[in-house]
Amino acid sequence: MSRDALVLGTWNVNSLRVRLPHLEQWLATSAVNVLGLQETKTVDGDFPAAEIERLGLVGSWHGQRTYNGVALLSREPVQDVVRGMPGYTDEQARVIAGTVRGVRIIDVYVPNGQSVGSDKYAYKLEWLARLRDYVAAELERHPRLAVVGDYNIAPADADVHDPAAWAGQVLVSDPERTALGALLDLGLSDVFRRFEQAERTFSWWDYRGGSLRRNAGLRIDLILASGDLAARCTGCWVDAGPRRWERPSDHAPVVATFDLTG
DNA sequence: ATGGCTAACATGGTTAGA
């Protein structure tokens with residue numbers, strides 16, 4: 001791998017405090033330079049800044065009590081950090097953005113939506129429409145742009161362990177996939193699908209019912225890249241290792257590499 | 001069968017996740 005490679009990751013840690021040992025163990029062998037976290041579940045005053053620094057990272061965070069929370073961790077300096085979506089008053093901490101080596105990185109924790117037709121589902125669709133507008137504006141200023149995170153949408157049936165059982169449910173419903181499609185229509189690419197992948201590759205497995213053992217998962221953690229950046233993508237994979245460790249997050253990290261030379 | 005498992009907040013049981 002070129003020393004110029006940008007290695008970009010995303011990981012829903014389901015509580016950063018609980019998963020600090022996992023983060024440390026993963027970083028010991030991962031080449032990731034920049035990592036977007038979701039579900040940090042900590043208020044900003046309790047963010048484990050000293051531990052993150054001890055791991056050799058610079059961190060920026062945007063959290064709240066109990067739920068949600070995102071952070072951008074990096075092995076190199078980050079410029080122009082922005083929390084939330086400008087112009088959208090959202091009491092839920094779900095977005096943080098920053099620039100590394102000229103690449104704009106937006107880290108998102110898309111609302112879960114709970115169930116089709118619920119108030120939370122309506123919030124999810126509204127939120128995704130706002131995200132589309134935000135990304136469209138950011139693309140005007142940043143030709144090299146990535147939107148990484150937990151999308152809480154499986155893009156296609158190939159990303160679902162049992163499409164028949166999930167048909168029409170939240171995370172796979174047509175309106176959600178249409179909203180994701182509107183994001184892709186801005187010129188973004190789900191870089192995981194630019195490469196040959198093993199069938200039934202997922203990024204999330206329910207804690208319950210032996211889902212991991214049965215590989216009953218979904219691929220809902222995505223790295224989307226603008227055309228300029230996607231053309232430089234040299235690989236993308238799910239690192240399922242940490243999902244098998246003791247007391248894991250229910251999500252695995254996803255990583256993509258980019259060659260920024262030339 | 002709305003069960004199953006985990007985390008926060010709390011210190012028993014609710015809310016939320018996906």
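Residue numbering restarts at 1 for every chain, and letters A, B, ... go by the order of the sequence lines.
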Return the value, rounded to whole Å, for the distance between atom [atom1] of [X] and atom [atom2] of [N].
X        : N      : atom1 : atom2 : result
A:Lys120 : B:dA18 : NZ    : C1'   : 12 Å
A:Glu39  : B:dA16 : CD    : P     : 13 Å
A:Lys124 : B:dA16 : NZ    : C1'   : 14 Å
A:Asp119 : B:dA16 : CG    : P     : 11 Å
A:Arg17  : B:dC9  : CZ    : P     : 10 Å
A:Gln38  : B:dA7  : CD    : P     : 17 Å
A:Leu16  : B:dG17 : CG    : P     : 19 Å
A:Leu218 : B:dG17 : CG    : P     : 15 Å

* To do: Look at atom CD of A:Glu53 and say whether more than 12 heavy atoms of other residues, nucleotides or ligands are closer to it than 6.0 Å.
  =>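 Result for CD/A:Glu53: open.
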* To do: Can you establish whether the number of heavy atoms outside A:Gln79 located under 6.0 Å from its atom CD is more than 12?
  =>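 Yes, enclosed.
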* Hey, which sits more toward the 5' end of DNA chain B by its nearest nucleotide, A:Thr66 or A:Tyr109? =>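 The residue closer to the strand's 5' end, by nearest nucleotide, is A:Thr66.
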* **Nearest-nucleotide 5' precedence on DNA chain B, A:Gln64 against A:Tyr67** =>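 Checking each residue's closest nucleotide, the 5'-ward one belongs to A:Gln64.
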Just checking [X]: base, sugar-phosphate only, or nothing, at a heavy-atom cut-off of under 4.0 Å?
X        : result
A:Asn12  : sugar-phosphate
A:Gln169 : nothing
A:Asn112 : base

* To do: Return the set of residues passing side-chain hydrogen bond (donor to acceptor under 3.5 Å, both in side chains) with A:Gln25 (not counting sequence neighbours), or none when no residue passes.
  =>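 With neighbours one apart ignored, the set is empty.
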* Taking only residues two or more places apart in sequence or in another chain, which ones pass side-chain hydrogen bond (donor to acceptor under 3.5 Å, both in side chains) with A:Thr234? ->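 Partners of A:Thr234 under the side-chain hydrogen bond (donor to acceptor under 3.5 Å, both in side chains) test: A:Thr257.
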* B:dT2 and B:dT11: how far apart are their P atoms, nearest whole angstrom? ->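 The same atom, P, in both gives a distance of 29 Å.
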* P gap between B:dT15 and B:dA1, integer Å ->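 B:dT15 and B:dA1 have their P atoms separated by 24 Å.
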* Answer yes or no: does a side-chain N or O of A:His251 lie under 4.0 Å from OP1 or OP2 of B:dG17? =>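 It does not, given that no N or O in the side chain of A:His251 lies less than 4.0 Å from OP1 or OP2 of B:dG17.
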* **Proximal nucleotide (of B:dA16, B:dA7, B:dA18) relative to the A:Ser15 side chain** =>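 Ranking B:dA16, B:dA7, B:dA18 by closest atom to the A:Ser15 side chain puts B:dA7 first.
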* Asked: Of the nucleotides B:dG17, B:dA18, B:dC9, which has the atom closest to the A:Asp150 side chain?
  ->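 Within the option list, the nearest is B:dA18.
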Distance-only criterion, 3.5 Å: show the donor-acceptor pairs between side-chain atoms of residues 135-143 of chain A and protein atoms not counting sequence neighbours.
from, atom 1, to, atom 2, distance (Å)
A:Glu138, OE1, A:Arg104, NE, 3.1
A:Glu138, OE2, A:Arg141, NH2, 2.8

For residues 156-168 of chain A, dump all side-chain donor-acceptor pairs below 3.5 Å to protein atoms at least two apart in sequence or in another chain.
from, atom 1, to, atom 2, distance (Å)
A:Asp157, OD1, A:Arg177, NH1, 3.2
A:Asp157, OD1, A:Arg177, NH2, 3.3
A:Asp159, OD1, A:Arg193, NH2, 2.6
A:Asp159, OD1, A:Arg219, NE, 2.7
A:Asp159, OD1, A:Arg219, NH2, 3.2
A:Asp159, OD2, A:Ala156, N, 3.0
A:His161, NE2, A:Trp166, NE1, 3.1
A:Asp162, OD1, A:Ala164, N, 3.4
A:Asp162, OD1, A:Ala165, N, 3.1

* To do: Would you indicate whether the side-chain heavy atoms of A:Leu183 and A:Tyr151 approach each other to under 4.5 Å?
  =>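 Side chain of A:Tyr151 against side chain of A:Leu183, heavy atoms only: contact under 4.5 Å found.
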Any N/O pairs under 3.5 Å between the protein and nucleotides 2-6 of chain B? List them or say none.
from, atom 1, to, atom 2, distance (Å)
B:dG4, N1, A:Arg208, NH1, 3.0

Under 3.5 Å, which donor-acceptor pairs link side chains of residues 29-37 of chain A to any protein atom two or more places apart or in another chain?
from, atom 1, to, atom 2, distance (Å)
A:Thr29, OG1, A:Trp26, O, 3.4
A:Ser30, OG, A:Val32, N, 3.1
A:Asn33, OD1, A:Val7, N, 2.6

